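What you are looking at is a predicted structure, and each value in this text was computed from that prediction instead of being measured.
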Amino acid sequence: MCRVKVDGEEREYPDGISILEIAKDYQKDYDSEIVLAKRNGKLTELFKEINSDCEIELLTLKSAPGNEAYKRSATLIMLKAFYEVCGRKNIGKICVEFSLSKGYYCTFKGKKELNQQLIDEVSARMYTIVQENIPINKRTIGTCNAAEMFKRHGMYDKEKLFKFRRASKVNIYSIKDFEDYFYGYMVPSTGYVKYFALYLYDEGFVLQLPVKELPDIVPKFEPQNKLFSVLKESEKWGNMYHIDTVGALNEEISNGNIRDIMLVAEALQEKKIAEIATQISNDSGKKFIMIAGPSSSGKTSFSHRLSIQLKVNGKKPHPIAIDNYFVDREFTPRDADGNFNFEVLDAIDVKQFNEDMTNLLAGKEVMMPTYNFISGKREYKGNTLKLEKDDILVIEGMSITGFLQQTED
């Protein structure tokens, strides 16, 4: 017997019991389905057996790891359904390209036409697989054996990926006789994946899936056409240079071609920044350029490069960092762990920012702040700004979208 502590409660279980069996005892206490667990703080799947005393944390579909496991499992089911509906010989390649809306944008190449009828047939087959509640099995094999296996299946991108893998073992997941490689954990069986939808979109389709906050609802499909065009263009350039997968990129690096790839990528970005600067400069009424994005997304670097291109077009850009409008440290909000949270709108003095920007637009001279991160205070060091005819503000920060929303309200 082994003692297992779950949610502060300790119980005895026989050696060899699976975490799944333990989870069944506690499912009634959770408002969402339990799909993964942490054993002594380490993430693990529910089929794992318990043979010693331990502490278990049960994770539901409302957790980030649980939601990711759901998405992987839905993808595996979708791939199996396509192969069963179309037949392996009629499929050239199915690719999960990138995240879009609340799902994945995928492409299909093969002898069958990707149309609504095919999507409906695949969707129906997916629901059948879910209703059959088939176990999702996992086995570990040698990397060389995995490469050979995927070569036999015609999945040459995965074969190339394993060529550069340092680990000697890989995990293969399967639903009956259909198997594939995934990096990350799965739910125990197909019956857990009850909610999904397939939508034809552009030249491919979208596998739409629930978010962790609402795990039993498939959100409305929102195309996000601008984001999609950027992501699709990136895929196009990758295909053009035959680096459409991680394995292909690794091969180019090993062949000594990475420098040329980096130079092409840099040149392409510079070309696009120049086009943006020209578009801005052709409209004399534009005085604010706002750059938003999460931490470490390159906002500051982009704003500097855009400023250079604006100067080439005869403009006088002035960089404005939202960070300089942080409230004094004593008023900074804290997160659930008690740490300062600089990523929420309440960490910014929105009133002062709006007042300064309004005065600048009105042609007034404004004293610009500088935030002292050591003292946690906003300081004024005599830096003033007044917009002239060719001046333009390049404002960057995570909370810009929040400012815009608050201004609209």
Side-chain angles (χ1 to χ4, degrees), residues 33 35-36 43 45-46 61 63-86 88 91-110 114 118-139 146 149-150 153-155 157-158 161 170-212 215-219 221 228 231 235 244-247:
E33 203 154 21
V35 290
L36 289 177
L43 195 64
E45 288 164 305
L46 296 185
L61 291 172
S63 68
N67 181 253
E68 290 300 318
Y70 186 96
K71 290 178 178 178
R72 289 187 207 99
S73 305
T75 303
L76 180 62
I77 293 171
M78 178 269 291
L79 291 171
K80 176 177 173 60
F82 258 101
Y83 274 86
E84 290 186 355
V85 169
C86 298
R88 186 175 293 274
I91 293 179
K93 195 174 186 180
I94 302 174
C95 290
V96 179
E97 303 286 2
F98 44 76
S99 297
L100 185 71
S101 184
K102 295 297 187 294
Y104 298 132
Y105 175 72
C106 311
T107 54
F108 170 86
K109 294 180 180 178
L114 181 65
L118 178 57
I119 287 294
D120 291 342
E121 290 176 3
V122 171
S123 181
R125 182 58 192 146
M126 287 180 69
Y127 278 112
T128 300
I129 294 171
V130 169
Q131 290 169 0
E132 292 174 351
N133 195 26
I134 308 167
I136 298 178
N137 295 314
K138 175 182 177 179
R139 64 189 179 103
M149 182 186 76
F150 285 114
H153 290 331
M155 299 179 180
D157 53 340
K158 288 189 171 65
L161 176 65
V170 297
N171 294 324
I172 304 297
Y173 287 92
S174 64
I175 303 174
K176 289 187 176 179
D177 59 344
F178 181 83
E179 53 189 5
D180 206 343
Y181 166 75
F182 282 83
Y183 185 80
Y185 295 139
M186 296 276 188
V187 301
S189 65
T190 60
Y192 285 74
V193 187
K194 301 179 181 71
Y195 309 101
F196 59 84
L198 295 179
Y199 296 94
L200 276 178
Y201 181 64
D202 195 70
E203 298 176 331
F205 65 95
V206 172
L207 172 60
Q208 189 80 340
L209 299 165
V211 296
K212 63 184 178 67
D216 55 353
I217 296 176
V218 180
F221 173 55
F228 175 76
L231 294 172
E235 290 292 328
D244 54 335
T245 64
V246 173

Flag side-chain contact, heavy atom, 4.5 Å: [X] against [Y]:
X	Y	answer
Y181	Y173	no
N137	S174	yes
K109	L114	no
K102	L209	no
F178	L79	yes
F108	C95	no
L118	V85	yes
F182	N171	no

Self-check item: Polar contact flag, side-chain donor to acceptor under 3.5 angstrom, S101-Q208
Solution: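 Checked: S101/Q208 side chains pair up, N/O donor to acceptor below 3.5 Å.
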
Can you tell me how far apart [atom1] ([X]) and [atom2] ([Y]) are? Round to the nearest 0.5 Å.
X	Y	atom1	atom2	value
T128	I77	OG1	CD1	11.5 Å
L207	Y104	CG	OH	8.0 Å
I172	R139	CD1	CZ	6.5 Å
E132	Y127	CD	OH	15.0 Å
R72	D180	CZ	CG	13.0 Å
I129	R125	CD1	CZ	4.5 Å

Quiz item: How far apart are the C-alpha atoms of E179 and M149, what are their side-chain angles, what is the distance that settles it, and do they pass the side-chain contact (heavy atoms from CB on, under 4.5 Å) test?
Solution: CA-CA 10 Å; E179 53 189 5; M149 182 186 76; 3.1 Å; yes

Which heavy-atom pair separates [X] from [Y] by the least distance, and what is that distance?
X	Y	value
A81	M126	CB-CG, 3.5 Å
G66	L61	O-CD2, 3.9 Å
L231	S99	CD1-O, 3.8 Å
P135	S189	CA-CB, 3.9 Å
C106	M78	SG-CE, 4.0 Å
T75	V96	CG2-CG2, 3.8 Å

Quiz item: Do N133 and T190 pass the side chain to side chain donor-acceptor pair (under 3.5 Å) test, and can you show the C-alpha distance, the side-chain angles, and the key distance before you say yes or no?
Solution: CA-CA 5 Å; N133 195 26; T190 60; 4.7 Å; no

Quiz item: Hey, is E33 close enough to K194 for a salt bridge, meaning N to O under 4.0 Å?
Solution: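 Here E33 pairs with K194 in a salt bridge, since their nearest N and O are under 4.0 Å apart.
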
Exercise. Using a strict cut-off of less than 4.0 Å between a Lys/Arg side-chain nitrogen and an Asp/Glu carboxylate oxygen, indicate whether K80 and D177 qualify as a salt bridge.
Key: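 D177 and K80: salt-bridged.
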
Self-check item: Any residue meeting side-chain contact (heavy atoms from CB on, under 4.5 Å) with D120, in chain and number order, not counting sequence neighbours
Solution: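 So D120 forms a side-chain contact (heavy atoms from CB on, under 4.5 Å) with Q116.
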
Quiz item: Would you say E45's side chain and M186's backbone share a donor-acceptor pair under 3.5 angstrom?
Solution: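 Present.
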
Quiz prompt | Residues T107, I94; criterion side-chain contact (heavy atoms from CB on, under 4.5 Å); working and verdict | solution = CA-CA 6 Å; T107 54; I94 302 174; over 6 Å; no

Looking at [X] versus [Y], is the centre-to-centre ring distance below 6.0 Å?
X	Y	value
Y105	F205	no
F221	Y201	yes
Y70	Y192	no

